[in-house]
Amino acid sequence: MMKQYFDGLVAGIERTLRENPENKSPRKIYALEVAKLGSRLYSGKKRVAWCGVTAPFDLLNAMGVTSCFVEFVGAMLASTGMAGAYLEEAEHAGYAGDTCAYHRGVIGAMRKGLMPEPDFLIATSVPCTGGLAVMETLAKHFNKDLFVLNVPQRLTEESVQYLADQIRAMVAFVENHTGESLDKENLRRAIHFTNEARVLTEEVYRLAQSVPSPANGRVLSNFGIVMALLLGTKAGVDVATAYRDEFRKMIDNGESGVADEKLRLLWIQNRIQFKNPLVDMLEADYGAAIVSDELNDITWGAIDPEVPFEGMARRAISIPFNGDVTRRIAHLQQLAKRYRIDGAINPCNWGCRQGTGARGLISEGLKEIGVPVLNLEVDCIDSRNFAEGQLRTRLEAFTEMLNERPSIW
Amino acid sequence: MAERSTERIGFACAYTPLALIQAAGFAPYRILPMGDWPDQAGQLLHDNLCPHVKRLLDRAMAKDLPDLSGVIFVNSCDAMRRLADAWRKVRPNDRTVLIDLPATADALSVSFFGKEMERLAGILDEWSGCSINAAEIEDSLFQYGQLARLLSDLSNRNRRGALSGGSTRIQELRNLAVTEPVEQTILLLQQALAESPATMNGQSGVPVFVFGNMLPDPAAFALFETCGVHVVGDDFCTGSRMFGEYEPSLSEPNIFRRMAERILSHPPCARTFDPGQPIKIASDIVNQAVACNAQGVIGHTVKFCDPYLARIPMIREALKTANIPFLFLEGDCSLRSIGQQRTRIEAFIEMLR
Ligand code: SF4
Ligand code: SF4
């Protein structure tokens with residue numbers, strides 16, 4: 001079923017791009033690559049590794065492994081409106097309803113046979129404890145080998161070494177399963193693509209900072225986190241190039257992502273993955289553009305091909321959800337300054353302890369620099385309790401409040 | 001050498017190296033979530049966060065703590081990391097440190113965690129103004145080993161139904177062991193063991209193995225007992241998991257690495273696992289229950305605890321396959337929450353009789 005879905009999606013987007021080459025939007029190119037990844041995952045023919053969010057996907061791509069973080073499945077179920085049945089399946093099996101629904105969706109999919117059987121699994125201890133638990137459960141269910149990457153909290157030479165050594169051990173683990181050694185040339189090429197995509201993506205984000213911004217509430221949604229899956233590939237470079245070119249063109253033509261941009265918003269952590277009218281409402285009724293997402297940023301340096309595992313280790317350690325909250329707040333403050341943010345929205349994805357547990361301190365941290373935060377109570381995957389009316393009212397009140405204050409920039 | 005003192009270092013997680021704290025001349029003090037404080041933590045954290053962590057923060061916000069010379073947090077789970085953040089906010093003058101904790105016990109992780117132990121030793125040196133040496137750590141490890149053996153002897157006596165006060169008393173002693181200087185607790189434990197065995201106090205209770213994350217309140221064990229439960233074995237981070245026996249290792253000369261190895265190979269909380277044997281926690285619980293001849297198993301976890309909640313369904317399945325009846329309770333660290341489960345516990349015991 002999923003294979004047909006993704007194959008159909010790939011064919012549909014390719015047809016549109018062929019028939020209307022002038023409509024070749026970067027979001028379509030991005031969607032095409034995501035659909036292709038989905039199609040490979042469900043093909044039954046590729047080597048598949050289910051992973052944690054901070055796995056080195058470029059390295060796995062270089063080793064010929066189709067790899068993806070499991071949360072992708074939770075998001076996919078939500079975006080296709082299918083999540084409810086899978087969440088219920090997990091809950092009936094005893095998985096608590098107050099855990100992160102990305103993971104509950106995965107468990108439901110696993111139990112209903114919707115998760116492709118992996119060749120092996122690579123868990124990561126960051127971003128969350130729940131993520132590790134779901135990987136252990138999948139390994140048990142599929143009876144497949146599991147490798148764990150412990151991502152340290154602090155960025156020190158020792159911790160980089162620890163993670164780099166684990167990545168080295170992971171390479172041996174993957175080699176054992178595929179029967180093929182890591183090809184040095186493939187790795188070099190993958191790192192080249194990663195570094196190229198890194199520079200291009202940085203440029204995309206820099207362009208998105210323009211006032212008015214070429215970005216809007218949809219065009220870069222989930223971009224940073226999904227781009228990690230395309231690292232090490234030409235596709236990643238192509239997607240980033242398409243965004244850069246489009247944003248440049250828009251800026252040159254004086255176009256903005258949201259016509260008559262009045263407010264610039266920062267979205268904290270997860271987007272709401274199922275269809276909902278909130279972003280449209282913000283844009284149409286208030287000229288409020290989501291110009292920045294917390295995970296749409298490059299927090300890591302170029303990977304040195306001579307010592308690639310150390311660079312990959314630094315990259316994993318650098319993600320904003322890792323480490324203590326002061327680091328995360330400092331990063332959000334930087335984003336707010338760079339993007340001249342008027343206000344921030346934190347959906348506080350229900351069940352995400354690492355995220356929601358930091359909400360009070362994040363609010364205070366952004367308030368310190370004059371950026372108000374709206375904390376919502378949303379389950380970003382599970383639409384069953386989506387309180388649209390209530391959320392609308394809160395967003396309206398928030399944007400009205402922002403409109404009434406003078407810009408802090 | 002660091003002077004023995006009654007200055008206390010607070011901690012909140014069973015993975016904390018108590019021997020190191022005591023070797024630095026401090027008394028480890030576990031900040032337990034037992035008491036009644038205004039409910040404030042949810043505003044800073046979130047209501048959907050483990051009540052253990054929220055209650056510790058409530059306790060800090062209510063300033064219901066003894067003088068602490070520092071507080072050690074361990075990165076055991078997301079909730080604990082967030083507690084460390086929030087603690088710094090509500091008690092900015094406390095000296096605090098967060099020690100990283102791998103989820104696995106492979107050689108690389110033991111080595112890394114050993115370095116974390118060494119970093120902690122350096123921080124304790126700063127806090128005490130003295131320098132810890134390896135011999136002091138050895139002594140201290142030995143003492144905690146002794147304490148673990150004594151507690152285990154008492155648990156065995158309780159298993160036979162021959163300890164007056166039963167599991168309620170064991171829990172009181174365990175709480176003392178994490179809040180009072182080790183020498184003092186060792187004396188108390190020795191005295192308890194010197195008592196003549198009680199006359200089979202647990203005879204009328206049904207032998208049950210209990211496990212979970214947190215169950216620090218002795219009154220909870222008293223409640224179990226009044227419901228007809230004879231706790232013949234337990235696995236809680238506020239119980240047996242807190243103390244591992246110490247065996248001097250000749251093969252590992254580095255004391256920090258040795259401590260790391262020992263802590264990571266403790267009977268684990270669900271947050272630590274062996275990737276080579278996924279969900280081994282389920283068979284471990286079955287084996288523990290069988291080993292203590294339990295007729296049933298009660299799982300008790302505080303709500304919103306991802307490490308446990310994610311594994312309960314497979315634990316339930318393993319117990320079912322082994323034909324061991326299972327009762328699962330969720331609580332919020334308050335006695336009230338466990339009291340509300342009385343009827344279910346009684347019905348479970350009736351079913352086992
Ligand atoms: S939303 Fe939070 S708990 Fe869920 S997968 Fe993301 S980081 Fe983990
Ligand atoms: S009870 Fe669970 S969630 Fe709470 S601190 Fe312990 S392991 Fe973490």
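To find a chain, count down the sequence lines: A is the first, B the second, and so on, and within it residues start at 1.
Not a single donor-acceptor pair under 3.5 Å links the side chain of B:Asp85 to the backbone N or O of A:Asp324. Judged purely by atom type and a 3.5 angstrom limit, A:Arg359 has no side-chain atom pairing as donor or acceptor with the backbone of B:Leu44. The backbone N or O of B:Ala103 lies less than 3.5 Å from a partner atom in the side chain of A:Asn150, making a donor-acceptor pair. Judged by distance alone, with hydrogens and angles left aside, the side-chain atoms of B:Asp100 form no donor-acceptor pair with the main-chain N or O of A:Pro152 at under 3.5 Å.
No part of A:Ser125 comes within reach of chain B, as not one of its non-hydrogen atoms sits under 4.5 angstrom from that chain. When heavy atoms are compared at a cutoff of 4.5 Å, B:Ile279 approaches chain A by way of both its backbone and its side chain. When heavy atoms are compared at a cutoff of 4.5 Å, A:Gln161 does not approach chain B at all. Of the atoms belonging to B:Asn75, it is side-chain heavy atoms, and not backbone ones, that fall under 4.5 Å from chain A. Interface remark: A:Ser363 contributes no atoms to any contact with chain B (heavy atom separation under 4.5 Å). Heavy atoms closer than 4.5 Å to chain A are found in the side chain of B:Arg88, but not in its backbone.
Separating the CG atom in B:Asp106 from the CD atom in A:Gln166 is a distance of 6.5 Å, to the nearest 0.5 Å. Put simply, CZ on A:Arg154 and CD1 on B:Ile99 are 8.0 Å apart, with the number rounded to the nearest 0.5 Å.
Nearest heavy atoms, A:Thr129 versus B:Pro307: CG2-CG, 3.6 Å. The shortest heavy-atom contact between B:Asp78 and A:Pro127 is OD1-O, 3.9 Å. Minimum interatomic distance between B:Pro278 and A:Ala139 (heavy atoms only, all atoms of both residues): CG-CB, 3.9 Å. Residues B:Leu309 and A:Ala96 share a closest heavy-atom pair of CD1-CB, 3.9 Å. The heavy-atom pair separating B:Met314 from A:Tyr95 by the smallest distance is CG-OH, 3.9 Å.
In terms of heavy-atom pairs under 4.5 Å with chain B, the best-connected choice from A:Ala169, A:Ala133, A:Gly94 is A:Ala133. Counting heavy-atom pairs closer than 4.5 Å to chain B, the top-ranked of the candidates A:Asp165, A:Asp145, A:Val151 is A:Asp165. Between chain B and the residues A:Thr326, A:Leu121, A:Leu361, the largest count of heavy-atom pairs under 4.5 Å involves A:Leu361. Heavy-atom pairs under 4.5 Å with chain A peak, among B:Pro275, B:Ala84, B:Ala310, at B:Pro275. Interface remark: of the candidates A:Met135, A:Glu364, A:Gln153, A:Gln153 forms the most heavy-atom pairs closer than 4.5 Å to chain B. If you tally non-hydrogen atom pairs under 4.5 Å between each of B:Ser111, B:Ala79, B:Ala282, B:Ser109 and chain A, the highest count goes to B:Ser109.
Using the six-membered ring where Trp is involved, A:Tyr162 and B:Phe112 have ring planes that are parallel, under 30° apart on the 30 and 60° scheme.
Within a 6.0 Å radius of CG in A:Asn176, other residues, nucleotides and ligands contribute more than 12 heavy atoms. Enclosure of atom NZ in B:Lys320 is not indicated, since only 12 or fewer non-hydrogen atoms of other residues, nucleotides or ligands lie within 6.0 angstrom.
With respect to A:Glu158 and B:Arg119, no salt bridge is recorded, no charged nitrogen being found less than 4.0 Å from a carboxylate O. A salt bridge between B:Asp306 and A:Arg353 is present, with a side-chain N of the basic residue lying under 4.0 Å from a carboxylate O of the acidic one.
Here the side chains of B:His46 and A:Glu377 are in contact, with some heavy-atom distance below 4.5 Å.
Applying salt bridge (charged side-chain N to carboxylate O under 4.0 Å, His left out) to A:Glu136 and the options B:Arg271, B:Arg311, B:Lys280 leaves one that passes, B:Arg311.
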